[in-house]
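Source: prediction; values computed, not measured.
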Number of protein chains: 2
Amino acid sequence: MPDSSDTTLSRREREQRRRQRIMLQAAQSVFAEKGYEQATLGEIAERAEFGKGTLYNYFEDGKEGLLFATFAEVYDDLDEMICSTFEGAETADYSFRAAFHELVVRSFAYYEEREDLFLILIREAHQLCFSNDVEKAAYFQEQQQRMIDALTPAVETAVDEGRIAPLPPQSVAHMLLEVVHDLIEHRCLTEHRDENDATCVCQSDAPLLHDPEAAADFLTALLFDGLENDSPEDGASRSPTP
Amino acid sequence: MPDSSDTTLSRREREQRRRQRIMLQAAQSVFAEKGYEQATLGEIAERAEFGKGTLYNYFEDGKEGLLFATFAEVYDDLDEMICSTFEGAETADYSFRAAFHELVVRSFAYYEEREDLFLILIREAHQLCFSNDVEKAAYFQEQQQRMIDALTPAVETAVDEGRIAPLPPQSVAHMLLEVVHDLIEHRCLTEHRDENDATCVCQSDAPLLHDPEAAADFLTALLFDGLENDSPEDGASRSPTP
DNA sequence: TCAGCAGATGACTCGGTAGTCACATTCCGA
DNA sequence: TCGGAATGTGACTACCGAGTCATCTGCTGA
């Protein structure tokens with residue numbers, strides 16, 4: 001969605017964008033709170049302080065249009081994050097491992113910044129991936145592929161340069177993104193639970209999840225060094241954590 | 001749910017169980033096909049060949065009761081699978097790594113056998129985890145903890161015996177289950193897509209996903225040996241794949 | 001000042017379903 | 001064989017929310 005403060009636009013157009021943003025934000029807050037199915041256009045309109053009919057002037061497909069505009073926003077952000085984190089593979093001191101560590105940290109930061117968007121992504125995109133509507137399923141396939149494509153070149157380079165094991169780059173990229181996604185999702189889940197139920201006992205791995213650095217360390221160590229305990233026989237074979 | 005052929009029950013009771021099973025199976029087939037929200041009691045009743053009112057005689061909570069009975073079935077199966085796969089830690093030739101490999105293979109087998117159940121679990125449980133209804137969120141927390149608890153002792157033993165790296169057992173158990181779950185989920189997703197869209201181009205990692213052995217090998221190697229490519233400098237430090 | 005138009009509005013229509021309940025049917029023991 | 005208990009049934013009710021559209025509002029340019 002173009003920025004509503006873009007000065008190349010006429011006042012009228014800027015005004016339109018601004019309203020569109022207000023409606024989208026209202027929709028996001030309702031979706032995050034109630035979930036897509038439970039959200040009603042009435043409540044979104046009320047929160048945006050517009051009439052129900054007005055929403056249709058800005059989002060032809062109504063509720064669904066608002067949902068997909070939300071997806072577009074979050075997928076653009078994620079793509080940008082992956083690309084910028086793994087750029088500079090030519091630099092002398094570039095480390096794929098360190099870049100991955102950074103991705104985990106940045107993902108956490110983004111989650112904290114836009115908790116609402118993540119909640120919507122996690123809940124609704126997952127559901128819609130399994131939709132019987134071919135168009136919708138294809139949309140999510142494309143978006144996921146876009147994320148994988150953003151990461152794959154970096155994995156390929158790392159494999160070529162012998163930094164990581166010679167496994168299929170696409171599969172590795174897929175697996176890495178999946179694991180990060182899971183971590184954020186798990187944190188999101190525990191936080192969501194704590195909000196609903198203040199009496200909830202803290203899980204044993206809670207500190208791991210709430211400290212971005214600790215989580216990134218755990219994940220990086222697990223994925224790069226592996227679970228196998230080869231240090232007793234052979235202490236020198238492990239790389240230090242970045 | 002007790003077996004409807006249990007001979008300790010009266011004929012009437014057995015007959016009740018049998019009908020309950022028929023209704024549950026009808027519900028599962030509709031849920032798997034349409035998703036929970038889109039499924040209607042009318043269609044479930046029709047498919048079960050009973051009147052709509054009759055469903056309420058067997059499942060007081062209607063649609064929701066049928067959904068939760070389905071969850072109970074699948075979680076019981078999974079718990080059983082984890083426990084039986086990791087038992088026998090005392091045996092001389094027991095290998096945690098091999099047991100994990102076996103878990104992946106068995107998970108695939110279960111998925112093939114009960115595709116419908118998995119689809120429901122993946123779609124609906126995920127959604128309900130984030131429900132604002134405290135009771136429901138707690139149910140899924142309990143079930144997930146049950147799975148983790150089933151695996152944790154085996155991880156602890158493996159850590160104590162120095163077979164795997166000294167990381168928090170609960171976190172490791174959690175991560176392992178998550179990764180297996182993701183793999184199955186991904187396979188389920190691609191299969192679901194292929195059903196809907198025959199023109200779909202095969203993904204590059206498709207063979208990995210459709211051959212249980214290959215998938216288990218990939219996952220075991222990745223998780224136990226790690227991504228880090230330490231073989232050129234130090235070929236002896238890696239354990240062979242089981 | 002005013003005509004005309006872009007845009008806002010929310011009461012209304014319409015389609016759809018969960019859950020109910022008065023009645024029908026079947027079962028079973030006396 | 002019969003009567004009443006248990007069980008099945010589906011038409012009906014009550015509710016809900018998406019999307020529409022006739023109407024209103026306020027802006028702009030002549």
Under 4.0 angstrom between [X] side-chain N/O and [N] OP1 or OP2:
X       : N      : result
B:Thr54 : D:dT9  : yes
B:Asn57 : D:dT7  : no
B:Gln16 : D:dA6  : no
B:Tyr58 : D:dG8  : yes
B:Arg19 : D:dG8  : yes
B:Lys63 : C:dA18 : yes

Nearest-nucleotide 5' precedence on DNA chain D, B:Met23 against A:Thr40: B:Met23
Pick base, sugar-phosphate or nothing for B:Tyr56, based on heavy-atom distances below 4.0 Å to the nucleic acid.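 Here B:Tyr56 touches the bases of the nucleic acid.
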Quickly, which of A:Phe68, A:Phe31, A:Phe71 forms a ring pair (Phe, Tyr, Trp, His ring centres under 6.0 Å) with A:Tyr36? Name it, please. A:Phe31
Which atoms of nucleotides 21-29 of chain D (N or O only) lie under 3.5 Å from a protein N or O atom, and what are those distances?
unit_1 : atom_1 : unit_2  : atom_2 : d
D:dT28 : OP1    : A:Arg11 : NH2    : 3.1

A:Phe50: partners by ring pair (Phe, Tyr, Trp, His ring centres under 6.0 Å), with sequence neighbours left out: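 For A:Phe50 there are no ring pair (Phe, Tyr, Trp, His ring centres under 6.0 Å) partners, ignoring immediate neighbours.
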Can you tell which of B:His126, B:Arg193, B:Glu185, B:Glu124 makes a side chain to side chain contact (heavy atoms under 4.5 Å, CB included) with A:Phe130? B:Glu185
How are the rings of A:Phe118 and A:Tyr111 set to each other: parallel, tilted or perpendicular (split at 30° and 60°)? perpendicular
